[in-house]
Amino acid sequence: FFLTEYTGPLLIYLLFYIRLSTIYDQAESTKNFRHPVVHLACFCHCLHYIRHLLETLFVHKFSGGHTPLKNMIKGCAFYWGFTSWIAYYINHPRYTPPSFGHRQVSFAALAFLMCEAGNHFINVALAHQNHSGSKSCFPSPTYNPFTWLFLLVSCPNYTYEVGSWISFTVMTQTLPVGIFAFLMVIQMSLWAQKKHKLYLKRFYPEVRRKAAMIPVIF
């Protein structure tokens, strides 16, 4: 399920990035200069889903349950559909770069990379906690600074995931990415609150002063 869900966006985005003649006007594609942010966006987008794929294969621990086919169809339709919309705009020959230029792109790209790194280290920390077989305590931060977010929220992986898409929105300054980021905030907050309630039942003393996903707000 996850491999299918994440492989689609990776390949779909690359199809738009190479500007197939069936998608864009070929004459316009060769004539218009590509802003560097277009190449950077492709790198960041591919990095995001490659990370998801590698973590699915080597980091995450899954239960023995099965995923209903309808969930797979909905998940693929959501990710694949939005990727097509996002990639079409960013790789379009008439794409307009961000308003504040290089500074906006640089800061947003740095924030994106930090959120990606944070998400990975949180997932690794959760995987080690699960593999140890000890479920008597709430996941705690390690020596890695990226895991210190555990001190403030109970689901920092969702915090970093949302941060990645907000950063990607600022970096590319496109409406489709903004809408996708907004929907991800809603979905991640629902998942975080659900997990937070489970944590409260099992680890009340450690979790009672933490937020679910975003300090103070969620």
Side-chain angles (χ1 to χ4, degrees), residues 1-7 9-10 44-63 65 67 71 75 78-79 82-83 108-171 177 180-204 206-218:
F1 168 65
F2 288 111
L3 291 177
T4 305
E5 192 174 71
Y6 297 142
T7 302
L10 180 63
C44 291
H45 192 274
C46 291
L47 176 68
H48 178 79
Y49 284 102
I50 288 174
R51 177 184 63 79
H52 271 305
L53 288 169
L54 292 176
E55 288 177 352
T56 299
L57 291 171
F58 304 111
V59 177
H60 295 307
K61 184 178 181 181
F62 298 100
S63 66
T67 300
N71 287 9
F78 178 77
Y79 281 101
F82 261 103
T83 297
L110 180 61
F112 177 88
L113 294 175
M114 291 181 65
C115 287
E116 286 295 298
N119 203 337
H120 172 69
F121 289 123
I122 290 295
N123 287 331
V124 170
L126 289 171
H128 280 280
Q129 188 260 347
N130 289 335
H131 290 159
S132 66
S134 174
K135 298 183 179 181
S136 59
C137 60
F138 179 76
S140 57
T142 65
Y143 63 89
N144 189 326
F146 285 103
T147 65
W148 295 351
L149 199 55
F150 269 124
L151 297 172
L152 300 175
V153 298
S154 58
C155 302
N157 51 325
Y158 295 148
T159 309
Y160 282 123
E161 182 76 10
V162 166
S164 291
W165 285 111
I166 292 176
S167 302
F168 195 76
T169 302
V170 175
M171 182 177 68
V177 185
F180 183 74
F182 176 72
L183 294 177
M184 290 297 283
V185 170
I186 295 175
Q187 182 62 75
M188 294 293 165
S189 65
L190 293 175
W191 287 343
Q193 289 177 45
K194 185 178 180 180
K195 275 194 174 182
H196 188 69
K197 289 179 180 178
L198 293 175
Y199 283 145
L200 283 172
K201 292 180 180 179
R202 294 172 57 189
F203 315 114
Y204 177 73
E206 298 97 325
V207 186
R208 63 189 179 91
R209 293 187 178 181
K210 300 178 189 291
M213 187 178 79
I214 301 176
V216 181
I217 300 175
F218 292 119

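Along the sequence shown, the residues carry numbers beginning at 1. Note that the coordinates shown come from a computational prediction; the quantities given were computed from them, not determined experimentally.
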Quiz item: Could you walk me through whether Phe150 and Leu126 pass the side chain to side chain contact (heavy atoms under 4.5 Å, CB included) check?
Solution: CA-CA 11 Å; Phe150 269 124; Leu126 289 171; 3.9 Å; yes
Practice problem: Taking side chain to side chain donor-acceptor pair (under 3.5 Å) as the test, write out the residues that go with Ser154, two or more places apart. | Solution: His196
Quiz prompt | Sequence neighbours excluded - salt bridge (charged side-chain N to carboxylate O under 4.0 Å, His left out) pairs with any residue from residues 146-159 | solution = none
Self-check item: Pairs meeting criterion salt bridge (charged side-chain N to carboxylate O under 4.0 Å, His left out) with involvement of residues 142-158, two or more places apart
Solution: none
Quiz item: Which atom names give the shortest non-hydrogen contact between Cys115 and Ser164, and what distance separates them?
Solution: CB-OG, 3.2 Å
Practice problem: Please identify each residue that fulfils side chain to side chain contact (heavy atoms under 4.5 Å, CB included) with Thr7, with sequence neighbours left out. | Solution: Leu11, Leu53
Quiz item: When you look at Phe2 and His52, which way does the side chain to side chain contact (heavy atoms under 4.5 Å, CB included) test go after all the steps?
Solution: CA-CA 8 Å; Phe2 288 111; His52 271 305; over 6 Å; no
Self-check item: Closest heavy-atom pair and its distance - Glu5, Gly75
Solution: OE2-CA, 3.3 Å
Quiz prompt | Asn119: partners by side chain to side chain donor-acceptor pair (under 3.5 Å), with sequence neighbours left out | solution = Asn123, Glu161
Self-check item: Nearest heavy atoms of Phe1 and Asn71, plus distance in Å
Solution: CE1-O, 3.6 Å
Exercise. Not counting sequence neighbours, list each pair that qualifies as a salt bridge (charged side-chain N to carboxylate O under 4.0 Å, His left out) and has a residue in residues 113-129.
Key: Arg51-Glu116
Quiz item: What is the distance from atom NZ of Lys210 to atom CG of Leu149, rounded to the nearest 0.5 Å?
Solution: 9.5 Å
Quiz item: Between the main-chain N or O of Phe146 and the side-chain N or O of Tyr160, is there a donor-acceptor pair closer than 3.5 Å?
Solution: yes
Exercise. Could you pull out the closest heavy-atom pair between Pro141 and Leu151, with the gap in Å?
Key: CG-CD2, 3.7 Å
Self-check item: Residues forming a side chain to side chain contact (heavy atoms under 4.5 Å, CB included) with Ala192, sequence neighbours excluded
Solution: Cys155, Tyr158, Ala212, Met213
Quiz prompt | Those residues that, when tested against Phe78, pass side chain to side chain contact (heavy atoms under 4.5 Å, CB included) (two or more places apart) | solution = Phe82, Phe180, Leu183, Met184
Exercise. Can you label the angle between the Tyr79 ring and the Tyr6 ring as parallel, tilted or perpendicular, going by 30° and 60°?
Key: perpendicular
Quiz prompt | Atom of Val59, atom of Ala127 and distance for their closest heavy-atom approach | solution = O-CB, 3.4 Å
Self-check item: Reported CG-to-OG1 distance for the pair Leu10 and Thr83, which is rounded to 0.5 angstrom
Solution: 9.5 Å
Quiz item: Sequence neighbours excluded, which residues qualify as side chain to side chain donor-acceptor pair (under 3.5 Å) partners of Thr147?
Solution: Thr142
Exercise. Sequence neighbours left out, what passes side chain to side chain contact (heavy atoms under 4.5 Å, CB included) with Ala181? Give chain and number order.
Key: Trp165, Thr169
Practice problem: Any chance you could measure Lys195, atom NZ, to Leu190, atom CG, to the nearest 0.5 Å? | Solution: 13.5 Å
